[in-house]
Colleague: 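Would you mind keeping the following structure in view while I ask a few things?
Whatever order the structure lists them in is the order used to number ligands and atoms, beginning at 1.
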Amino acid sequence: MKAIAIIQDEHRAITSVIEGLRHMLVEVAAGRIPVDHALIGAMFHYIEAFPEKLHHPKEDDFLFARMRARRPEAAPLLDALEAEHAVGRERFAELKATWERFRDDASTLAAFVEAVERYSYFHWRHMRKEEDELLPLAAKALADEDWKAIDTAFLSNEDPIVGVPASKAFRELFRRIVAIAPPPWGVGPEAAPR
Ligand SMILES: [Fe+2]
Ligand SMILES: [Fe+2]
């Protein structure tokens with residue numbers, strides 16, 4: 001059942017990146033910090049490379065699949081969560097397009113801020129549904145052999161989906177985000193004593 005803690009940790013990591021982006025844009029909109037497109041680019045790369053390519057697909061392929069087999073009555077919840085993974089992919093593509101527009105035309109900042117707010121809320125609701133409804137149900141419903149397969153998938157460093165030592169690459173990416181993010185989200189240049 002190690003996968004439960006891993007999924008919760010992954011949710012915290014994903015949330016910290018999305019919230020970091022959201023709060024950074026609040027500061028940019030208020031004129032308190034300049035916009036840092038390199039940092040925003042690193043955040044988008046993280047969302048593309050981690051939740052979209054690994055976290056959600058592993059939930060679909062391992063956790064949701066085992067739950068479907070053990071608890072047919074959970075199908076409506078699993079269908080809804082799977083549909084949110086698909087919608088999330090579309091929302092992310094739209095969000096990225098909004099950022100690209102903002103990069104070309106700084107006057108579209110308000111639209112980008114609004115799109116990030118919407119994306120952040122969508123993700124927060126999705127993760128709450130998984131943590132409040134699905135994970136407690138899975139903890140009761142799944143057998144040891146199910147958890148063995150799910151744990152192996154989530155503990156895997158050599159991820160089969162992208163074929164790279166995923167956790168190392170993502171740790172480095174996360175360090176990069178923290179290194180260039182201004183305080184209080186990171187330890188970037190703004191944190192240096194003046
Ligand atoms: Fe999910
Ligand atoms: Fe999740």
Side-chain angles (χ1 to χ4, degrees), residues 1-23 42-96 115-144 146-174 177-178 185:
M1 232 186 263
K2 284 185 194 133
I4 289 187
I6 296 171
I7 288 171
Q8 287 169 333
D9 282 350
E10 291 182 353
H11 285 175
R12 301 291 91 77
I14 297 163
T15 303
S16 72
V17 172
I18 297 174
E19 288 303 293
L21 175 61
R22 193 164 80 89
H23 291 292
M43 289 166 156
F44 273 88
H45 178 58
Y46 173 84
I47 296 169
E48 231 159 36
F50 181 61
E52 291 301 337
K53 280 215 179 66
L54 294 173
H55 178 86
H56 303 317
K58 279 185 180 179
E59 288 175 337
D60 288 339
D61 296 345
F62 297 94
L63 178 61
F64 296 4
R66 294 271 167 166
M67 277 300 288
R68 281 187 193 282
R70 299 275 179 196
R71 280 282 194 279
E73 70 274 21
L77 173 63
L78 296 164
D79 290 347
L81 290 170
E82 247 179 61
E84 285 171 7
H85 286 171
V87 171
R89 271 195 298 279
E90 285 166 26
R91 297 265 176 107
F92 179 67
E94 286 162 17
L95 183 67
K96 205 173 167 193
V116 170
E117 292 284 336
R118 272 201 310 270
Y119 185 76
S120 153
Y121 182 65
F122 172 81
H123 242 276
W124 179 79
R125 296 246 335 223
H126 173 72
M127 290 178 190
R128 287 267 48 90
K129 203 186 286 178
E130 286 178 343
E131 292 195 22
D132 297 344
E133 297 179 44
L134 180 68
L135 294 182
L137 199 62
K140 281 187 273 178
L142 298 179
D144 286 350
D146 297 319
W147 285 116
K148 219 172 145 192
I150 299 166
D151 288 351
T152 304
F154 277 91
L155 281 165
S156 149
N157 285 339
E158 288 273 328
D159 195 276
I161 298 163
V162 291
V164 294
S167 63
K168 186 167 177 278
F170 290 129
R171 267 201 306 275
E172 279 168 18
L173 181 59
F174 203 76
I177 289 170
V178 170
W185 315 288

Colleague: Would a line drawn from the ring center of His85 to the ring center of Phe64 be shorter than 6.0 Å?
Modeller: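 Ring-ring flag for His85/Phe64: true, centres closer than 6.0 Å.
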
Colleague: The Fe ion (ligand 1) to Glu130: any N/O/S contact under 2.8 Å?
Modeller: yes

Colleague: What angle sits at the Fe ion (ligand 1) between NE2 of His85 and NE2 of His126, to 10°?
Modeller: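 An angle of 90° at the metal.
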
Colleague: Of all the heavy-atom pairs spanning Pro51 and Tyr46, show the shortest one and how long it is.
Modeller: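 Taking every non-hydrogen atom into account, CD-O, 3.3 Å.
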
Colleague: What is the name of the N/O/S atom in Glu59 that sits closest to the Fe ion (ligand 2)?
Modeller: OE2

Colleague: Quick check: does His55 put an N/O/S atom under 2.8 Å from the Fe ion (ligand 1)?
Modeller: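 So His55 does not bind the Fe ion (ligand 1) by this criterion.
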
Colleague: Nearest 0.5 Å, please: how far is NZ in Lys2 from CG in Asp9?
Modeller: 13.5 Å

Colleague: So Phe122 and His126, would you call those rings parallel, tilted or perpendicular, with 30° and 60° as cut-offs?
Modeller: parallel

